[in-house]
Amino acid sequence: MEIMYKSTRSDAAPVTASRAILTGLSPDGGLYVPTAIPPLPCSLEELAGMDYRELAYRIMSCYLTDFTEEELRGCIAGAYDDKFDTPVIAPLVKADGAYYLELYHGATIAFKDMALSILPHLMTTAAKKNGLTKEIVILTATSGDTGKAAMAGFADVPGTRIIVFYPKDGVSRVQEKQMVTQRGDNTHVVAIHGNFDDAQNRVKAMFNDRELAAELAEAGYQFSSANSINIGRLVPQIVYYVYAYANLVKNEEIKAGDQINITVPTGNFGNILAAYYAKVMGLPVKTLICASNENKVLFDFFRSGSYDRRREFILTSSPSMDILISSNLERLIYRLADNDPERSRTLMEALVRDGHYAITPDMKAGLKDFAGGFATEEENFDGIRRLYKKTGYVIDTHTGIANAVYRQYREETGDETPTVIASTASPFKFARDVMNAIEPEVKVEDDFALIDALAKASGREEPPAITDIRTAPVRHNTVVDRDEMKAAVKAILNIDGIR
């Protein structure tokens with residue numbers, strides 16, 4: 001079955017997967033979605049017998065139908081190699097009655113590695129398939145993890161440049177150090193005075209700026225995105241949910257066909273949307289539990305059917321979730337609206353214009369597969385501490401939100417369905433807050449001394465990604481106001497004065 005990609009905001013002709021990956025965002029401002037969600041390509045028992053690379057090929061080939069088998073297998077082999085510090089790529093750890101899917105064993109110790117390791121391979125392959133001669137400029141906003149993972153993937157990849165914007169005071173110290181020390185002659189990092197939503201909104205505006213696009217084209221450039229708005233990010237994320245289920249079957253924790261729940265700490269909605277796509281493909285998922293921190297715009301949406309970003313933006317200990325505009329929700333809205341781009345576009349325009357929108361009762365009925373919850377800072381830290389004291393297992397502050405929300409859900413519903421919790425970052429990436437949770441009596445100011453203390457408390461070795469930044473020199477120190485982002489891009493690409 002050939003799968004094409006269409007915009008959530010217009011009836012423009014569908015494009016191939018490779019073209020959607022290259023473009024990132026549809027020219028009309030919409031997000032690309034598949035014309036159909038394919039069924040699982042083989043039985044659950046067959047999937048349980050596959051390693052990560054083979055399973056990735058089976059799932060991704062269902063969506064990326066204009067890639068040849070040789071091309072796609074080559075992308076997968078280049079992505080899922082020895083840069084991961086565990087041979088199973090995404091191990092499952094059982095602790096206190098739940099299964100933690102550790103998605104942080106890649107080069108930057110966060111779940112973004114799982115998709116961003118393969119995106120450069122997909123994109124450069126797509127460029128060749130489409131005869132693209134322009135240099136690809138990856139333009140990305142990050143709340144902490146996407147930026148580093150994208151730069152690590154695209155560093156020194158021929159024919160590409162990458163520009164990452166991040167909120168100056170909205171990421172952890174380790175996240176910032178990872179970004180500002182990034183090597184690669186084609187990498188550029190810019191901090192902004194503002195929050196993630198400010199960065200994301202202005203990046204989207206640049207994608208939709210036709211005058212800027214013309215200037216780029218004249219200079220030999222073309223924008224693309226490494227954010228989860230790019231379908232090349234979303235499709236690889238589907239894989240690890242199928243892989244988690246397959247491993248539960250393989251390890252005889254469940255039988256093929258048994259239902260599971262999946263809990264995801266959620267900000268931009270891409271990770272949980274991938275789990276939803278897996279469910280639609282036929283993975284036996286009962287409930288998708290969407291876990292929010294105190295920026296609980298998604299929790300309120302699932303309860304009321306009203307999405308309202310008009311609220312205080314709260315900086316929390318789970319900064320990758322400090323988001324009030326969840327971009328990937330648009331893909332779900334489009335599906336809830338019976339794939340009607342006009343209804344979808346109207347709602348998205350209302351969000352920009354008025355700061356809120358409300359879905360209809362029939363659309364809200366389509367949210368039955370989801371349960372929303374949120375956890376406060378206190379609940380997050382308490383849950384991390386309780387899990388550590390009970391089992392010795394240490395999780396980061398984003399996984400902590402998912403852990404706390406899952407415990408709430410189970411207590412409120414009595415649902416004992418086996419549950420996979422997406423563990424999205426290494427605790428070493430947020431060592432200060434994790435140590436404050438598990439051993440608050442340890443008073444250390446130096447970040448790396450805290451990491452040493454966490455290694456001792458957790459019984460784990462420090463990840464190579466942390467060792468690498470201990471002595472790495474700062475290479476990027478540009479800081480601009482949020483309204484200067486476009487000027488910063490033009491300066492980096494040296495296109496001032498063109499036209």
Side-chain angles (χ1 to χ4, degrees), residues 84-106 109-111 114 240-241 243-254 258-266 271-272 275 285-291 293 317-318 321 371 373 375 378-431 433-440 453-463:
F84 290 85
D85 62 20
T86 172
V88 294
I89 308 294
L92 272 174
V93 176
K94 188 175 184 180
D96 196 23
Y99 300 91
Y100 291 82
L101 178 61
E102 294 185 346
L103 299 171
Y104 54 75
H105 290 278
I109 55 176
F111 83 99
M114 299 297 298
Y240 49 71
Y241 292 112
Y243 185 69
Y245 187 95
N247 271 272
L248 289 174
V249 174
K250 180 180 179 180
N251 297 334
E252 299 183 347
E253 298 287 344
I254 61 173
D258 288 351
Q259 287 190 316
I260 64 168
N261 292 334
I262 297 174
T263 305
V264 185
T266 309
N271 206 3
I272 195 167
V285 177
K286 179 181 178 183
T287 303
L288 296 158
I289 303 168
C290 179
N293 64 16
S317 62
S318 48
M321 300 165 64
E378 182 179 355
E379 290 168 332
N380 185 8
F381 278 49
D382 183 62
I384 293 171
R385 184 182 307 112
R386 285 174 179 268
L387 185 64
Y388 171 68
K389 297 297 184 185
K390 186 173 183 179
T391 68
Y393 187 58
V394 180
I395 56 177
D396 88 295
T397 45
H398 300 76
T399 311
I401 292 289
N403 171 67
V405 168
Y406 166 62
R407 305 296 166 186
Q408 295 169 5
Y409 168 84
R410 193 173 66 176
E411 184 175 335
E412 291 170 3
T413 64
D415 185 357
E416 297 290 336
T417 301
T419 296
V420 170
I421 295 177
S423 186
T424 54
S426 166
F428 287 95
K429 201 159 191 172
F430 303 92
D433 287 317
V434 172
M435 285 301 294
N436 283 340
I438 66 173
E439 293 190 359
L454 178 56
K456 182 178 179 181
S458 65
R460 299 189 190 185
E461 290 187 8
E462 170 185 296

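- Separating the CG atom in Asn436 from the CD1 atom in Ile384 is a distance of 10.0 Å, to the nearest 0.5 Å.
- Under the 3.5 Å distance criterion, the side-chain polar atoms of Asp396 are left unmatched by any main-chain donor or acceptor of Ser426.
- Nearest heavy-atom pair, Ala90 versus Met114, reported as atom, atom and distance to 0.1 Å: CB-CE, 4.1 Å.
- Listed here is the closest heavy atom pair of Met435 and Leu454: SD-CA, 3.6 Å.
- Rounding to the nearest 0.5 Å places CG of Asn403 at 10.0 Å from CD of Gln408.
- For Ala98, the side-chain contact (heavy atoms from CB on, under 4.5 Å) partners at least two apart in sequence or on another chain are Tyr100, Tyr406, Arg407, Ile421.
- No option in Lys390, Lys389, Arg386 other than Lys390 meets the salt bridge (charged side-chain N to carboxylate O under 4.0 Å, His left out) test with Asp96.
- Annotation: the span from Phe428 atom CZ to Tyr104 atom OH amounts to 9.0 Å, rounded to 0.5 Å.
- The shortest distance between side-chain heavy atoms of Val88 and Tyr243 falls below 4.5 Å.
- By the neighbour-count criterion of 12 heavy atoms within 6.0 Å, atom CZ of Arg410 is densely surrounded, having more than that number from other residues, nucleotides or ligands.
- Closest non-hydrogen pair, Val285 versus Leu288, comes out as CG1-CD2, 3.9 Å.
- Here Glu102 contributes atom CD and Ile89 contributes atom CD1; the two are 13.0 Å apart, rounded to the nearest 0.5 Å.
- Side-chain contact between His105 and Pro91 is present, with at least one heavy-atom pair separated by less than 4.5 Å.
- Shown here is Glu461, whose CD atom has no more than 12 heavy atoms of other residues, nucleotides or ligands within 6.0 Å.
- Across all non-hydrogen atoms, the minimal contact from Ala457 to Ile438 is CB-CD1, 4.1 Å.
- Side chain of Thr399 to main chain of Ile395: no donor-acceptor pair is present (N/O by atom type, distance under 3.5 Å, no hydrogens or angles).
- Put simply, the side chain of Thr424 never gets that close to the backbone of Ala422: no donor and acceptor are under 3.5 Å apart.
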Under the criterion side chain to side chain contact (heavy atoms under 4.5 Å, CB included), I'd like the reasoning laid out for Ile260 against Leu248: C-alpha separation, chi angles, the key distance, then a yes or no.
CA-CA 10 Å; Ile260 64 168; Leu248 289 174; 4.0 Å; yes

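- Within the model, atoms CG of Leu101 and CG of Leu92 stand 5.5 Å from one another, a figure rounded to the nearest 0.5 Å.
- When atom types are taken as modelled, the side chain of Thr391 and the backbone of Tyr393 share a donor-acceptor pair closer than 3.5 angstrom.
- Here the closest non-hydrogen pair linking Val405 and Cys290 is CG1-O, 4.5 Å.
- Looking at Ser317 and Thr397, their side chains never bring a donor and an acceptor atom within 3.5 Å of each other.
- Here the shortest heavy-atom pairing between Thr263 and Ala291 reads CG2-CB, 4.4 Å.
- Side chains of Asn271 and Thr266 form no contact here, defined as non-hydrogen atoms less than 4.5 Å apart.
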Apply salt bridge (Lys or Arg N to Asp or Glu O under 4.0 Å) to Lys286 and Asp415, showing your working.
CA-CA 10 Å; Lys286 179 181 178 183; Asp415 185 357; 3.4 Å; yes

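- By the 4.5 Å heavy-atom criterion applied to side chains, Tyr245 and Ile254 are counted as neighbours.
- The backbone N or O of Lys456 sits nowhere less than 3.5 Å from a side-chain atom of Ser458 that would complete a donor-acceptor pair.
- Between the side chain of Tyr388 and the backbone N or O of Gly383, no donor-acceptor pair lies under 3.5 Å.
- Aromatic rings from His398 and Phe430 are positioned such that their centres are separated by under 6.0 Å.
- For Arg385 (side chain) and Ala437 (main-chain N/O), a donor-acceptor pair under 3.5 Å exists by modelled atom type.
- Asn380 and Asn293 form no side-chain donor-acceptor contact under 3.5 Å, judged by distance and modelled atom types alone.
- Checking Asn251 against Tyr99 by side-chain atom types alone, no donor-acceptor pair falls below 3.5 Å.
- One distance of note links CD1 of Ile109 with CG of Asp85; it measures 9.5 Å at 0.5 Å rounding.
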